[in-house]
Every structure is written in C-alpha cells, then in structure tokens.
A.B. asks: 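Below is a structure I'd like to ask you about.
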Amino acid sequence: MAPTFPPIYLLKWNLEHDPKELHRLEEEIDVVFDIKEAKLVLGKVKLKRRAALELRKLGLDTEEVVTTESEPDTDTDHNHHEEQIASQIVPSAPGNPPAQRLAISPRSTLRPSDETIKVLDLAWYTGSLNAGKLLPIEDYLVYEGRIKSKILPVKPKQTLLPAQVEPRRQISTVSPTQRHFRTGPRKFGGNSVHSSSQPARLLHKTTSEDEAYAALPPIPKYLHSPYSCQRPTPLHCPNEDFLSELRIIKQARNLKGDEVGVRAYSVAVAAIASYPYSLTSALELSRLPGCGSKISKLWQDWKTLGHVEEADEARSDPDLQVLDLFWKIHGVGEASARDFFSKGWRSLDDIVEQGWDRISRDQQIGVKYYDEFLQRIPREEVEKIASVILDYANHIRDGFRMVICGGYRRGKPDSGDVDVVLSHPNENATHRFLVELLESLERDEYITHRLIVSMKNSDRGQNPLNWKGSMPRSRGGFDSLDHAFLVWQEPTWPSKDEDLKGNPDARNPNVHRRVDIIISPWKTAGCAVLGWSGGTMFERDLRHYCKQQLGFKFDSTGVRRQDNGEWVDLEKGDGDLLVKERRVFSGLGLEWRDPTERCTD
DNA sequence: AGGCTGTACTG
DNA sequence: CAGTAC
DNA sequence: GCCT
C-alpha cells in the first residue's frame, strides 16, 4: 500500500528540460503549488547551495541549519565541478541516479521545528514508494534551512514553458518533440514572403509552416535562456555578415538617441552571436530570444535582396557619418554629437577652431588623441602595459595579483583599451594603494592624463557590509581610490636619447592608450574580475539575472541582497583570482563560462 | 502597458 | 540635472 | 523592438 505523503513542493530545477516528466511527477506526488503549504520540498538537487538558491527564487531566504558537524559546506572546491554542470538551463544528464548519499549522521533528529524547511532528494520519494512506507528523511536530506525572511516573491520568471500549458497547441499535427521552445513560430513581418499575398490562413499552410518549424535544427539548450550570461558567445559565429548589418542599424539608433532600439538590437545580436549554425530561414531565426518579427524581416531582406535597407541608409547618410565621427570622441555621446552638429560643425577641425574652449576637458583630450584612441592595441602591448603596472604595484607592496580583463581576456586579437584588475590577499594592502601606484607611474611618465579617478567602491568595497544607510563618504578625500581611468604612453622609444640631444622637446612617438586600473579588495576580487571581463550584454544580463532570478544585486564590487543591501559572500576560501571568479559563477547558480565565451557586444 | 544594468563622476 | 563612461 |  502506498504510503501517505505529507504536502510536498516539487522544485522544478533540473526537471525543466523534461516537462513531461515534471508534469507526471506533479500529478503522481500530488504536489502543492504554494511552497508555504508544503511540509517538505523535493527536488533533483544534490547541493546545499543549489537548494538554497532555488528556495530564494521562491521568495524564501534561508540560512542553513547545521545538523552535523561533519558535512563540508558545498562550496569547497571539489564540488565545483558538479555545480558547474548543474546549471539552470543545462540540466545534468537525465536519469540522475538517486542518492549517492552524502554522509549525514542521523543525529539530526533535533528540532523539527516549523521554522525550518527541508529539501530532500527526489530519491526519497521513489524510495519510499518502493518500500511502501516513508523512509527516514535523514538519509536524503540535502539542505535544511531556517527562514530568515520572506523576500519579495521573486517572480518565478520561467524561461521554459510550464508543463501545465504544454498540451495547448496540439491543434497542430506535428509531433510535439520539436517544440520545447515556444508556443509556436512567431509571425514575422506583416509582409514577409510567407503571408503577404496569401488569401487566408489555410490549414495546409499552417501545417507546412509547422513542418518547416519541426524540420529545423533544434535550438541549443543554452539558447532557451534569455540571459546571455547563461550562453556561450564566442568571438566568431557563422552569421557574422548579418550581424554586421544589425550592428550598423544599432549604431544608427544609438546616434539618433533611440536607447530602446539600441537595447533591442543588442539583445538580438547577442542571441544570434551565440547561435552555432548558419541561419537558413527567418523562421529559424525567429526562435531565438530577442529576435521577433522585425529582426526576422531584416534577415529575410538580407537573404533575398542581398542587403538591408535601413543599414544602407545609415551607411550613406552623411549627417550620420558626422555624428558618428563626433560620437567616437572620448567624452562625446549622442547629445554632444548632436549639439556639435547643430552648431554647424562637421569635422574635428571645426571643433578645434570654433569650439575648443566650449568643450569639456575629457572631450579636449578625446579630440587631441582622436586617431590614437581609435587605434587597436595588439595583445603583446596589452601584456606589456599590464606587466608594467603589476611590477610597479609589487614594488610598492609585494604580493599583488592581477588579471588582464576586457576584450583581451575574451581573446580578441586587439583591444580598444587595457583593463586590469589588481588585488592582494591581504585586505589592508589595497587601502590607499591606488594613489601611490598612480604617483609612481606618473613619476616615471607612463601616465599622461587621469581621465577619471573614482573612490566609489572602496568606501563600501573595502568594507562591503552595511553599505546601505549611510557610509561615511571618504573623509579626507583621496585615500581610498579604487578605479583609475588613464591615458598611458610608453615613455621610452629606441632613438629617444639621440632625439633629445637634437631637440629637447622631441616628441614621444608612442601611441597614447586608454588604461583602466581597478583595485579590488580581495574578498570581492572574483566579482571584479567577472565584472570587468564580459561584453556589455553579458554584464547587463548578469545583473538582470541576479536581480530577477535571485533577488541579488551584482556589480564588480560584490553581490548584495536587493532588499537590505547585505553583502553576500560567494568567494570565501582559498584560491587565486580565477578560482574566486569561478566561485561567483557557481554561487550565482551559473554554469562556468570561459571569458572567450562572453563575447557579447 | 511598462520596462529595459546600474552608478559615479563632471560641469 | 543631464550627459558620459565603465 | 521584444518580453512579460
């Protein structure tokens, strides 16, 4: 006889890839859909951390109830591998064997108080069924948490179709196997080739559309995620020619001040850039996140006409060319570009001659080094600059660690600027450090300008607790800088001595480079490395994911809770900067992405 | 129908 | 505050 | 422009 189960809530995580199985289990177990009614939570989870993350998504903020002295915390290193595989959208292989049990001593019959919530391995359920009675839960306990607070019900934004809705589109004759992604093909373009002159929605046409849909290659599982931080996005992809067109339109929108348009095109570009096949149809494209009717129509035009009209217009619009010229000046954005244009200026010379003292200092520097800043920096030079910085850092205080981030770390053959993150295992070593570093670099004439210098992070970054409310603003001023944005120039060149002999003011021929130096306190250095390594969309989506899915706020200075700003430490433990970065991924429930897979624009 | 990353700087 | 940058 |  089947045992009687208490009210159970079933975690969907790791079952999402198999909606049918999920649905079957939900029926069979007779789950409750409100976690507050549940006495037990079951799931295909094996790690404490993952269990806690899933509870957090459901609006329950818990802290672990330690039931044994022995069980190591889940974030120790050898668990990483497992956690990395087990991510949101890349479920581990189906048919996970139940219960290789973690050794939990059954001494845990302490207080089964109502304040705690227990997450058990699903195997407890199947085992109990087989045994015909409820098995002791101790052997299956993955995580026991005490509810600290209920947080704003973090909306269970699903990236996949809920099982209950699944059968809805069965009007179609197509086998359901191909349709895990969307409710159906989206219509694209009111005048797309498919629908323009069709008299009516004839049945056979619907069917053939569906058949075409079913015949497409399956979408890679990671492209079910709308978050580019959950997808590998390599530097190059099979659809780069089309992407170039989209990027042109995107930049045109940028120059026109259409932020929303820029956003939309950025999302689409990021999705296509992570699609590993050469696109063959607009329908195929329309399945990707962020790619709707407009993007599909553009693809169709590009394919059939060989060009995209809006991109052509952008390319041939002389006014846009001028705006683009201005926009590429450091310190000039859409507004200033248009402002300059409206003054009748059409070239850099116009700015210099007619408006030099009306533009900002940043913009003056930007104009002065316009060509140099646009020159790409080869990898060797990036490495050279970074090694100088590290040498100087270690000369002041030994033991600094550095990661070169930015495009360099993503594997680009050349970079627009140099981003380095420096940290030191000794928390005190980073205090008041950047000022010293800058002074020593300036003394040796590596730095020609400071574009900005900021102390935002060190005020709370050095001490991430209690930042909400009122942190004292850095008293005394510049004792805790943590970010410098500089103009850099290698001070020596081969013929320097001779040149100076002939002319004491001989020009240094080395190209001026933009260099970002970030000093991070050790405890959040993984976040700094992560935050400075991804492409724009990757970083945007990372923040978005943290907020929407976890109720966390991510930035390069750390992870905090949305509601009270309390710091969340995801990096504790030994390890270098790269290990710490990995910990942040896994602590956020994300599969590890190599930097070369973060190549969103 | 509303939202789109989030924040510190400069002027 | 608007504008820019990361 | 796309998503929820």
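Labels below follow one simple rule: chain letters A, B, ... track the order of the sequence lines, proteins then strands, and each chain is numbered from 1.
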A.B. asks: Tell me the interatomic distance from A:Gln549, atom CD, to D:dC3, atom C1', rounded to whole angstroms.
C.D. replies: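 After rounding, the gap between these two atoms is 14 Å.
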
A.B. asks: Please figure out whether A:Arg263 or A:Leu451 has its closest DNA chain B nucleotide nearer the 5' end.
C.D. replies: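 Checking each residue's closest nucleotide, the 5'-ward one belongs to A:Arg263.
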
A.B. asks: Identify which nucleotide among B:dG6, B:dA8, C:dC6 has an atom closest to any side-chain atom of A:Lys547, counting heavy atoms from C-beta outward.
C.D. replies: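 Comparing B:dG6, B:dA8, C:dC6 against the side chain of A:Lys547, the answer is B:dG6.
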
A.B. asks: Listed by chain and number, what are the side chain to side chain donor-acceptor pair (under 3.5 Å) partners of A:Thr233, not counting sequence neighbours?
C.D. replies: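 Once residues adjacent in sequence are excluded, A:Thr233 has no partner under the side chain to side chain donor-acceptor pair (under 3.5 Å) criterion.
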
A.B. asks: So, taking the atom named SG in A:Cys229 and the one named CZ in A:Arg543, what distance separates them when rounded to the nearest 0.5 Å?
C.D. replies: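 Those atoms lie 11.5 Å apart.
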
A.B. asks: I want to check one thing: is the phosphate of C:dT4, taken as OP1 and OP2, less than 4.0 Å away from some side-chain N or O of A:Ser336?
C.D. replies: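 Answer is yes, contact under 4.0 Å.
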
A.B. asks: Using a heavy-atom cut-off of under 4.0 Å over every strand shown, decide if A:Asp516 touches base, sugar-phosphate, or nothing.
C.D. replies: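 It contacts sugar-phosphate atoms only.
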
A.B. asks: Using a heavy-atom cut-off of under 4.0 Å over every strand shown, decide if A:Ile295 touches base, sugar-phosphate, or nothing.
C.D. replies: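 The answer is sugar-phosphate, as A:Ile295 gets under 4.0 Å only of primed atoms, P, OP1 or OP2.
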
A.B. asks: What distance separates A:Tyr370 OH from A:Phe326 CZ, expressed to the nearest 0.5 Å?
C.D. replies: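 Nearest 0.5 Å value for the OH-CZ distance: 9.0 Å.
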
A.B. asks: Rounding to an integer number of Å, can you tell me how far A:His483 NE2 sits from B:dT7 C1'?
C.D. replies: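 To the nearest whole Å, that distance equals 12 Å.
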
A.B. asks: Tell me whether A:Arg593 is salt-bridged to A:Glu591, with the criterion being a basic N under 4.0 Å from an acidic carboxylate O.
C.D. replies: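 A:Glu591 and A:Arg593: salt-bridged.
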
A.B. asks: Between B:dT5, B:dG11, B:dC9, which nucleotide gets closest to the side-chain atoms of A:Arg361?
C.D. replies: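 Nearest nucleotide to the side chain: B:dG11.
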
A.B. asks: Contact class for A:Phe485 vs. all strands (heavy atom < 4.0 Å): base, sugar-phosphate, or nothing?
C.D. replies: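 Sugar-phosphate contact only - A:Phe485 comes under 4.0 Å of backbone atoms but never of a base.
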
A.B. asks: Which of the following nucleotides, B:dT7, D:dC2, B:dC4, is nearest to the side chain of A:Lys294?
C.D. replies: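 It is D:dC2.
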
A.B. asks: Under a 4.5 Å cut-off applied to non-hydrogen side-chain atoms, are A:Leu235 and A:Arg410 in contact?
C.D. replies: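 No - every pair of side-chain heavy atoms lies 4.5 Å or more apart.
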
A.B. asks: Applying a 4.0 Å non-hydrogen cut-off, can you work out what A:Val332 is touching in the nucleic acid: base, sugar-phosphate, or nothing?
C.D. replies: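 Sugar-phosphate only.
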
A.B. asks: Mind checking if A:Gly333 touches a base, just sugar-phosphate, or nothing, with heavy atoms under 4.0 Å?
C.D. replies: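 Sugar-phosphate: the residue A:Gly333, judged by heavy atoms under 4.0 Å, touches backbone atoms but no base.
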
A.B. asks: Take the protein atom CH2 of A:Trp327 and the nucleotide atom P of C:dG3, then report the distance between them rounded to whole Å.
C.D. replies: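 The answer, rounded to whole Å, is 16 Å.
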
A.B. asks: Which nucleotide in the list C:dC6, C:dT4, D:dC2 gets nearest to the side chain of A:Ser293?
C.D. replies: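 Looking only at heavy atoms from C-beta outward on A:Ser293, the closest nucleotide is D:dC2.
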
A.B. asks: Closer than 4.0 Å, any side-chain N/O of A:Lys297 to the OP1 or OP2 of D:dG1?
C.D. replies: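 For A:Lys297, the contact criterion (side-chain N or O under 4.0 Å from OP1 or OP2 of D:dG1) is not met.
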
A.B. asks: A:Ile329 near the nucleic acid: base, sugar-phosphate alone, or nothing, with a heavy-atom cut-off under 4.0 Å?
C.D. replies: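 Counting heavy atoms under 4.0 Å across all strands, the contact made by A:Ile329 is with sugar-phosphate only.
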
A.B. asks: I want to verify a distance call: between D:dC2, C:dC6, B:dT7, whose nearest atom is closest to the A:Asp419 side chain?
C.D. replies: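 The nucleotide sitting nearest to the side chain is C:dC6.
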
A.B. asks: Which whole-number value in Å describes the distance from A:Phe373 CZ to C:dA5 C1'?
C.D. replies: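 To the nearest whole Å, that distance equals 13 Å.
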
A.B. asks: Using atom C1' in both nucleotides, what's the gap between B:dT5 and C:dT4 to the nearest angstrom?
C.D. replies: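 Nearest-Å result for B:dT5 against C:dT4 at atom C1': 15 Å.
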
A.B. asks: Could you tell me how far apart A:Gln363 (CD) and C:dA2 (C1') are, to the nearest whole angstrom?
C.D. replies: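 One finds 13 Å between C1' of C:dA2 and CD of A:Gln363, rounded.
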
A.B. asks: Nearest whole angstrom, please: distance from the C1' of C:dA5 to the CZ of A:Arg540.
C.D. replies: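 Going from A:Arg540 (CZ) to C:dA5 (C1'), I get 14 Å.
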
A.B. asks: Only Watson-Crick and G-U wobble pairs with both distances less than 3.5 Å should count. Give DNA chain D in dot-bracket notation, marking inter-strand partners with |.
C.D. replies: ||||

A.B. asks: Relative to the ring of A:Tyr369, is the ring of A:Phe373 parallel (under 30°), tilted (30 to 60°) or perpendicular (over 60°)?
C.D. replies: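 Tilted, since the angle between the ring planes falls between 30° and 60°.
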
A.B. asks: Who are the side chain to side chain donor-acceptor pair (under 3.5 Å) partners of A:Glu372, not counting sequence neighbours?
C.D. replies: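 A:His512.
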
A.B. asks: Among C:dA5, B:dG6, B:dC9, which nucleotide sits nearest the side chain of A:His330?
C.D. replies: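 For the A:His330 side chain, the nearest candidate turns out to be C:dA5.
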
A.B. asks: Report the distance from atom CG of A:Leu434 to atom CG of A:Leu422, rounding to the nearest 0.5 Å.
C.D. replies: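 It comes to 9.0 Å.
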
A.B. asks: If we check salt bridge (Lys or Arg N to Asp or Glu O under 4.0 Å) with A:Glu571, which of these qualifies: A:Lys523, A:Arg582, A:Lys580?
C.D. replies: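 The option that passes is A:Lys580.
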
A.B. asks: Whole Å only: how far is the CD atom of A:Glu539 from the P atom of B:dG6?
C.D. replies: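 In whole Å, B:dG6 P and A:Glu539 CD are 13 Å from each other.
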
A.B. asks: How many Å lie between NE2 on A:His449 and C1' on B:dT10, as a whole number?
C.D. replies: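 Rounded to whole Å, this separation is 17 Å.
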
